[in-house]
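Reviewing the structure listed below.
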Amino acid sequence: MSEKFRGFDPVYDKDSRVLILGSFPSVKSRKVEFYYGNKQNRFWEVISSYFGEKVPQSTEEKRGFLIERKIALWDIVTECEIIGSQDSTIKNFKVANLKTLLQNSKVGYIILNGGKAFSVFSANYADIGIPYEKLPSTSPANTRFNVKEWHDALSRAFGRA
């Protein structure tokens with residue numbers, strides 16, 4: 001049986017330039033009350049390696065890492081019914097209202113972490129007027145993950161291409 005859960009508030013500030021949107025927090029993330037809390041998820045490792053740094057450990061270190069590198073982080077689904085951590089079971093969901101975040105930051109590029117994030121985003125924000133792209137999910141369940149795709153996308157996002 002599915003249960004209704006609420007996600008996390010976005011992490012960003014006025015200088016954030018790149019928004020990374022996931023789908024919805026996993027069971028392990030909900031337990032630690034912060035994004036990508038499953039140590040098997042590749043998110044923190046990929047982002048850290050792109051910047052040539054060690055993976056931040058605590059929630060405060062992770063939050064500081066994002067703000068310092070001008071990365072905004074949120075999930076496109078803010079509330080939903082979900083079974084475990086499976087995106088395929090997400091239903092009766094609320095979509096993130098990106099308006100406030102975009103008005104109060106310098107976000108000029110959006111990266112969508114996985115298929116569910118992309119499908120919900122494109123169904124609601126296809127005409128957003130900001131470049132966006134879908135990347136393979138950093139989830140440990142994704143066997144087709146490619147770190148180079150993420151590094152290339154981050155280079156595009158930060159204008160280093």
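From a predicted model like this one, the values you see are computed outputs, not experimental measurements.
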- Message: So does K70 get a backbone contact from the side chain of K106, meaning a donor-acceptor N/O pair under 3.5 Å?
- Response: no

- Task: May I ask you to decide if the ring planes of F158 and Y50 are parallel, tilted or perpendicular, using 30° and 60° as cut-offs?
- Result: parallel

- In sequence, state the C-alpha distance, the side-chain angles, and the governing distance for N38 and S26, and then conclude on side chain to side chain donor-acceptor pair (under 3.5 Å). CA-CA 7 Å; N38 181 343; S26 69; 5.3 Å; no

- Flag if over 12 foreign heavy atoms under 6.0 Å of CD, E79: yes

- Item | Side chain D13, main chain S16, donor-acceptor under 3.5 Å | yes

- Give the intermediate values and the outcome of side chain to side chain contact (heavy atoms under 4.5 Å, CB included) for residues Y12 and T100. CA-CA 11 Å; Y12 74 101; T100 301; 4.1 Å; yes

- Does I76 reach the side chain of N124, with side-chain heavy atoms less than 4.5 Å apart? no

- Message: Can a donor-acceptor pair be found, under 3.5 Å and without considering hydrogens, that links the side chain of D87 to the backbone of K116?
- Response: no

- Item | Sidechain-backbone polar pair: W150 side chain, F43 backbone, donor-acceptor under 3.5 Å | no

- Measure centre to centre between the rings of Y132 and F121, then say whether the value is under 6.0 Å. yes

- Message: Please give me the minimum heavy-atom distance between Y36 and G22, naming the atom from each residue.
- Response: OH-CA, 3.6 Å

- Atom of A157, atom of Y109 and distance for their closest heavy-atom approach: CB-CD2, 3.4 Å

- Side-chain heavy-atom pair E81, T89 within 4.5 angstrom cut-off: no

- Query: So, D75 side chain and V77 main chain: donor-acceptor pair closer than 3.5 Å or not?
  - Reply: no

- Message: Is the ring pair F34/W44 parallel, tilted or perpendicular, if the boundaries are 30 and 60 degrees?
- Response: parallel

- Kindly indicate, with the supporting measurements, whether the criterion side chain to side chain contact (heavy atoms under 4.5 Å, CB included) is fulfilled by V95 and Y125. CA-CA 10 Å; V95 177; Y125 291 106; 3.9 Å; yes

- Task: Could you tell me whether a side-chain N or O of S23 sits under 3.5 Å from a main-chain N or O of A117, the two making a donor and an acceptor?
- Result: no

- Query: Does the side chain of L19 reach to within under 4.5 Å of the side chain of L98, using non-hydrogen atoms?
  - Reply: yes

- Task: Answer whether the closest heavy-atom distance between the side chains of L154 and F51 falls below 4.5 Å.
- Result: no

- Message: Please evaluate residues I20 and I71 with respect to the criterion side chain to side chain contact (heavy atoms under 4.5 Å, CB included), reporting the C-alpha separation (whole Å), side-chain torsions for both, the decisive distance (0.1 Å), and the verdict.
- Response: CA-CA 7 Å; I20 300 175; I71 298 171; 3.9 Å; yes

- Looking only at non-hydrogen atoms, find the nearest pair between K134 and G115 and report the distance. CE-CA, 3.8 Å

- Task: Answer yes or no: is there a donor N or O on one side and an acceptor on the other, between the side chain of E45 and the main chain of R42, under 3.5 Å?
- Result: no

- After noting the C-alpha distance and the side-chain angles of T138 and I47, does the key distance pass the side chain to side chain contact (heavy atoms under 4.5 Å, CB included) rule? CA-CA 10 Å; T138 57; I47 299 295; over 6 Å; no

- Task: Please confirm whether the backbone N or O of L101 pairs with a side-chain atom of Q103, one donor and one acceptor, at under 3.5 Å?
- Result: no

- Query: How about N41 and Y35: do any of their side-chain heavy atoms sit closer than 4.5 Å?
  - Reply: no

- Are any of the side-chain heavy atoms of F8 and L73 separated by less than 4.5 Å? no

